[in-house]
**Student:** 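Please read through the structure below; I'll follow up with questions.
These numbers were taken from a predicted model, which means no experiment stands behind them.
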Amino acid sequence: MNDLNQAQFERSRCPVANVLDVFGDKWTLLVVRDLVLGKSRFGEFSESAEAIPTNILAERLKRLELGGIVTKTPYCRKPLRYQYELTEKGRDLIPVLEAMVVWAGKHVPGTKVFPRYVHSVEGVDPNPFG
C-alpha cells in the first residue's frame, strides 16, 4: 500500500476514488469505528460482532498506522502488546462515520443505531457526537 502521506494516486485524482483506495475494503472502516467507540487493543477489535480474521485485522492496523491514521504504543512488554489510538488525521474521519450511521439509520431497515445517533436519525440533532 502506498504511504498515505505522499501524493500518489492509484486510480485517478478523484477524491472519492482516492478515499476508496484507503478505506474501500470490507474491514478498514470497521476498525476505525471500533477505535471511535473506545476499543484500543487487538483482542477488543477481534471480539467485534463482524468477526474480522486476526491476520486481516493485523494487516489493517498496520496499514492504518503507516497511513498516519492510528498510532500504537506498548501497554505490555512481556509479551509485547500494543494499544491503538486515532491520530488527528484519524479523528477527522469521525464526521464521515457519523454521516454513514445517520444515512444507514434512515435508509437501511433494521440497522442498529448507536444511542448517541438516535436523534440524528430522527432528524432532531445535527451533531450526533455533541
**Student:** Where do N18 and R13 come nearest, in terms of heavy atoms and distance?
**Tutor:**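 Heavy atoms only, the tightest pair is ND2-C, 3.6 Å.
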**Student:** Using 0.5 Å steps for rounding, measure from the CG atom of L35 to the CG atom of L97.
**Tutor:**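 So the CG of L35 and the CG of L97 are separated by 10.0 Å.
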**Student:** Any donor-acceptor pair under 3.5 Å linking the side chain of E44 with the backbone of S40?
**Tutor:**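 Pair found, side chain donor or acceptor close to backbone of S40.
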**Student:** Does any part of the side chain of I69, heavy atoms only, come nearer than 4.5 Å to the side chain of F23, both counted from C-beta?
**Tutor:**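 Yes, side chains in contact.
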**Student:** Please tell me whether I56 and V70 are part of a single hydrophobic cluster in this structure, the criterion being side-chain heavy atoms less than 4.5 Å apart.
**Tutor:**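 Hydrophobic grouping puts I56 with V70.
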**Student:** Looking at CZ of R60 and OG1 of T28, how far apart are the two atoms once the value is rounded to the nearest 0.5 Å?
**Tutor:**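 Output value for this atom pair is 4.5 Å.
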**Student:** Give the C-alpha distance, both sets of side-chain angles, the deciding distance and a yes or no for salt bridge (Lys or Arg N to Asp or Glu O under 4.0 Å) between E50 and R33.
**Tutor:** CA-CA 12 Å; E50 293 81 14; R33 173 212 59 194; 2.8 Å; yes
**Student:** How far apart are the C-alpha atoms of L57 and F42, what are their side-chain angles, what is the distance that settles it, and do they pass the side-chain contact (heavy atoms from CB on, under 4.5 Å) test?
**Tutor:** CA-CA 8 Å; L57 174 58; F42 192 91; 3.6 Å; yes
**Student:** Locate the shortest heavy-atom distance separating Y75 from Q83; write the atom from each residue and the value.
**Tutor:**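 Between these two residues, the closest heavy atoms are CD2-N, 3.6 Å.
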**Student:** Side-chain donor-acceptor pair under 3.5 Å between K39 and S48, yes or no?
**Tutor:**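 The criterion, which ignores hydrogens and geometry beyond distance, is satisfied for S48 and K39.
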**Student:** Check W27 against P53 and note the closest heavy-atom contact, atom names and distance.
**Tutor:**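 Answer, listing the atom of W27 first, then P53: CZ2-CD, 3.8 Å.
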**Student:** Working to the nearest 0.5 angstrom, can you tell me the gap between L93 CG and E88 CD?
**Tutor:**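 It is 11.5 Å, given to the nearest 0.5 Å.
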**Student:** To the nearest 0.5 angstrom, please state how far the OH atom of Y84 sits from the CZ atom of R41.
**Tutor:**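 Atom-to-atom, Y84:OH and R41:CZ are 12.0 Å apart.
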**Student:** Exactly one of L30, D34, T54 should register a side-chain contact (heavy atoms from CB on, under 4.5 Å) with F45. Which one does?
**Tutor:**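 Among the candidates, only D34 passes.
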**Student:** Please walk me through it: do L29 and M100 pass side-chain contact (heavy atoms from CB on, under 4.5 Å)?
**Tutor:** CA-CA 11 Å; L29 279 178; M100 293 172 73; 4.1 Å; yes
**Student:** If I take atom CG from residue L86 and atom OG1 from residue T71, how far apart are they, to the nearest 0.5 angstrom?
**Tutor:**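 Result: 8.5 Å between the selected atoms.
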